[in-house]
Novice: 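Below is a structure I'd like to ask you about.
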2 protein chains.
Amino acid sequence: MPEESELDALDARLLLLLTDEPRLGVLECSRRLGVARGTVQARMDRLERRGVLRGFPPDLDLAAMGYGLTAFAVLEIAQGRRTEVAERLRAIAEVCEVHATTGQGDLLVRMVARDNADLQHVIDRVVNVEWVSRTSTSIALSTPVPTRVRPLLELAVE
Amino acid sequence: MPEESELDALDARLLLLLTDEPRLGVLECSRRLGVARGTVQARMDRLERRGVLRGFPPDLDLAAMGYGLTAFAVLEIAQGRRTEVAERLRAIAEVCEVHATTGQGDLLVRMVARDNADLQHVIDRVVNVEWVSRTSTSIALSTPVPTRVRPLLELAVE
DNA sequence: CACACACTAGGCAACCTGTCCAGTGAAACA
DNA sequence: TGTTTCACTGGACAGGTTGCCTAGTGTGTG
């Protein structure tokens, strides 16, 4: 039984369809793809089992929720304190994402805020976390390419 | 008619519920929240109209799809060429996200790759884009805080 | 006091879901 | 070559859900 972690064309077409119109049900998908309903159902089950398809979380627009500002911070932290720092960052609601990256113990943080005053406050909390030494923060002015997976799916369709 | 871009407690509880169990239908949500079905329906319609709720896109695990590596690049670009550079970056499938940030014309790029060789290839394509001057790239080793919105919703519940 | 508004509670037909089943073609195996 | 496995098709079924609508209630505003 080969690992087969690759997506075949049908998987990719299905995911592409769901990406464009997430509300579609299994039946409608089967019609659009020209396959039987059971097939679509089986594919979705398999994708979930394999962990490729995690689910269908609501896609929220933070800006529309009042969090119009996004900022990134690169944190340089004390040796061996990544876990502790990450934990403290996790406790800050406005911190939306943290990545540990190569380099001397760096963390890349994405955060949001309601306005400049709020952002100042959030940044303060982030950079004042214990064991954080040097930091450099920059504000997102625009997002020329919003988070996307579509192109990778298109590749998989062949 | 006030702007009212704020979420009230019910909105937040609904979104929280959908965040945890996205598959729930309107009826089930109404049961869990202890309100009438029509109310949930009305709230969801309103959230969509306001642009807060964009939809329910499939959440794909790129690692499970074979793209196990994530890298970030900060690009310094020639004055006034942000649009052109962004366009060329958009054409690269592995580029999953681009933000324009404060600083001297910087772009923050997130990209993925299948393995080290592939990553090398992707990075090359990104940093060789026209008008890109200095670049600095780092590889994501882990993600202590995966993309999340939940804490902000919890704040809104009060 | 009247009106608008949000919510509740219920009813209806059309549709979809989960779950079976039998039949087919192709690839893998002995 | 004959057999088994597997994915897919096409169809069936009951039960739940959706979209849509109506009527009644309570609250806040002018």
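Below, chains carry the letters A, B, ... as their sequence lines are ordered, and counting in each starts from 1.
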Novice: Between A:Asp106 and A:Arg134, is the closest basic N to carboxylate O distance under 4.0 Å?
Specialist: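 Looking at A:Asp106 together with A:Arg134, the answer is no, because their closest N to O distance does not fall below 4.0 Å.
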Novice: Distance check: side-chain N/O of A:Arg46 vs OP1/OP2 of D:dC6, anything under 4.0 Å?
Specialist: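 No, A:Arg46 has no side-chain N/O under 4.0 Å of OP1/OP2 on D:dC6.
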Novice: Each nucleotide N or O in nucleotides 20-24 of chain C that has a protein N or O under 3.5 Å away: list the pair and distance.
Specialist:
none

Novice: Less than 4.0 Å between a side-chain N and a carboxylate O, is that true for B:Arg37 and B:Glu28?
Specialist: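 Between B:Arg37 and B:Glu28 there is no salt bridge, as every charged N stays at least 4.0 Å from the carboxylate O atoms.
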Novice: For B:Arg90, I'd like to know if atom CZ has over 12 heavy atoms of other residues, nucleotides or ligands within 6.0 Å.
Specialist: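 Atom CZ in B:Arg90 is packed in, count exceeds 12.
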Novice: Could you list, one pair per line, each protein nitrogen or oxygen that sits under 3.5 Å from a nitrogen or oxygen of nucleotides 21-26 of chain D, together with the distance?
Specialist:
none

Novice: Side-chain N or O of B:Gln41 less than 4.0 angstrom from OP1 or OP2 on D:dT18?
Specialist: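 Indeed not, no polar side-chain atom of B:Gln41 lies that close.
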Novice: If only side-chain N and O atoms of B:Thr39 are considered, is one of them under 4.0 Å from the OP1 or OP2 phosphate oxygen of C:dA6?
Specialist: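 Negative; the distance criterion is not met.
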Novice: Would you tell me whether A:Gln41 and A:Asp45 have side-chain atoms, one donor and one acceptor, within less than 3.5 Å of each other?
Specialist: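 Not at all, the side chains of A:Gln41 and A:Asp45 share no donor-acceptor pair under 3.5 Å.
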Novice: Salt-bridged, A:Arg32 to A:Glu21, with N to O below 4.0 Å?
Specialist: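 Salt bridge present between A:Arg32 and A:Glu21.
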Novice: If the helix axis at each end comes from five base pairs, how far does the helix from C:dC1-D:dG30 to C:dA30-D:dT1 deviate from straight, to 10°?
Specialist: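 Axis-to-axis angle, ends of the helix: 40°.
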Novice: Please report, rounded to the nearest Å, how far the P atom of C:dG11 is from the CG atom of B:Leu27.
Specialist: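 After rounding, the gap between these two atoms is 14 Å.
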